Amino acid sequence: MNSRQLVLGRIRAALGDTPATPVDVPREYRPAGSAADLDLLVHRLTDYRAIVHRCAGGEVAQVIGRILGGRRIVIPPGLPRHWLPDSVAAVIDENLTVEQIAAVDGVVTAAAVAVAETGTVVLDAAPDQGRRIISLLPDVHVCVLRADQVVAGVPDALARVAPHRPLTWISGPSATSDIELNRVEGVHGPRQLHVVVLPPA
């Protein structure tokens, strides 16, 4: 008997008899069980160094103009055009190359859902959010979120998104730490995240 057979034999002995058919895994995740707290989301996002702007629906273009005015940005094909001020030059992502996306100054997207408990905004590649790559390469990401898209916890968010869609979970701007634990932002994503929060639809 070689070492491999010895180890596998011990594993089999430790496991004992195993069922012949796979065991059903329960998928009824615990919902948060409480109402979504918009103030908690704002607090978490701010703590992660995102910048939060609360405004009325008709003020989105003004807010985006203050953030990205005079810059060249990329937008997903389904983004509402009335959100964009005249002061930005918008390029629609119709299969732009990596180089074209990296050359713009910022991106504006909508969101699928946001989690108050974790301070996380979730994108699901819907037409108003676009491909994942456009939220990763530009230096500034402006994400427009309605208050009725905010849920209390992660299980509540999972219930709102389709599992087969490509999900991007964002908790603040891109950040990492070097070997001395100094925070470095923008290494693998936007250095600035702005979340524009609108009233419910």
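Predicted model, so just to flag it, every value in this text is computed and none were measured.
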**OP:** Say whether, by atom type as modelled, one donor and one acceptor occur between the side chain of Q5 and the main chain of N2 under 3.5 angstrom.
**Re:**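 Confirmed, Q5 side chain pairs with N2 backbone.
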
Original post:
Can any side-chain N or O of Q149 pair as donor or acceptor with the backbone N or O of A111 at less than 3.5 Å?
Top reply: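 Present.
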
Nearest 0.5 Å please: distance from the [atom1] atom of [X] over to the [atom2] atom of [Y].
| X | Y | atom1 | atom2 | value |
| --- | --- | --- | --- | --- |
| I67 | R71 | CD1 | CZ | 9.5 Å |
| R66 | E59 | CZ | CD | 8.0 Å |
| Q100 | I134 | CD | CD1 | 13.0 Å |
| C143 | H194 | SG | NE2 | 12.0 Å |
| T109 | I75 | OG1 | CD1 | 11.0 Å |
| D39 | H43 | CG | NE2 | 10.5 Å |

Original post:
When clusters are formed from ILVMFWY side-chain contacts under 4.5 Å, directly or step by step, what else is grouped with I51?
Top reply: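 ILVMFWY cluster around I51 holds nothing else.
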
Linking I/L/V/M/F/W/Y whenever any side-chain heavy atoms sit under 4.5 Å apart, do [X] and [Y] land together?
| X | Y | answer |
| --- | --- | --- |
| I92 | L84 | yes |
| V151 | V121 | no |
| V196 | L68 | yes |
| V60 | V197 | no |
| V74 | V88 | no |

Subject >> Worked check of side chain to side chain contact (heavy atoms under 4.5 Å, CB included) between L145 and L198 >> reply: CA-CA 6 Å; L145 172 74; L198 307 181; over 6 Å; no

Original post:
Going through the distances and angles, do V140 and D105 end up as a side chain to side chain contact (heavy atoms under 4.5 Å, CB included)?
Top reply: CA-CA 7 Å; V140 181; D105 302 306; over 6 Å; no

Can you see which heavy atom on [X] is nearest to which on [Y], and at what distance?
| X | Y | answer |
| --- | --- | --- |
| V115 | A152 | CG1-O, 3.9 Å |
| P127 | P76 | O-CB, 3.3 Å |
| V122 | Q129 | O-OE1, 4.3 Å |
| I133 | V98 | CD1-CG2, 3.7 Å |
| A147 | L38 | CB-CD2, 4.1 Å |

Original post:
Between V154 and T118, is a side chain to side chain contact (heavy atoms under 4.5 Å, CB included) present by the stated rule, with each step listed?
Top reply: CA-CA 8 Å; V154 172; T118 61; 4.0 Å; yes

**OP:** Could you list the residues that satisfy salt bridge (Lys or Arg N to Asp or Glu O under 4.0 Å) with R165, not counting sequence neighbours?
**Re:**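 Scan of R165 (salt bridge (Lys or Arg N to Asp or Glu O under 4.0 Å), adjacent residues dropped) gives D124.
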
Original post:
Taking only residues two or more places apart in sequence or in another chain, which ones pass salt bridge (Lys or Arg N to Asp or Glu O under 4.0 Å) with R131?
Top reply: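 For R131, the residues satisfying salt bridge (Lys or Arg N to Asp or Glu O under 4.0 Å) (neighbours in sequence not counted) are D93.
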
**OP:** Evaluate the side chain to side chain contact (heavy atoms under 4.5 Å, CB included) criterion for residues I73 and V91: first the C-alpha distance (whole Å), next the side-chain angles of each, then the deciding distance (0.1 Å), finally the verdict.
**Re:** CA-CA 6 Å; I73 66 169; V91 178; over 6 Å; no

**OP:** May I have all residue pairs that pass side chain to side chain donor-acceptor pair (under 3.5 Å) and include part of residues 81-90, sequence neighbours excluded?
**Re:**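 As it turns out, there is no side chain to side chain donor-acceptor pair (under 3.5 Å) pair with a partner in residues 81-90 once direct neighbours are skipped.
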
Original post:
Can you list every ring-ring contact (aromatic ring centres under 6.0 Å, His included) pair that touches residues 130-172, not counting sequence neighbours?
Top reply: none

Original post:
Under the side chain to side chain donor-acceptor pair (under 3.5 Å) test, which residues partner R132, sequence neighbours left out?
Top reply: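 Result, side chain to side chain donor-acceptor pair (under 3.5 Å) vs R132: T168.
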
**OP:** State plainly whether the residues R44 and D37 are in salt-bridge range, i.e. N to O under 4.0 Å.
**Re:** no

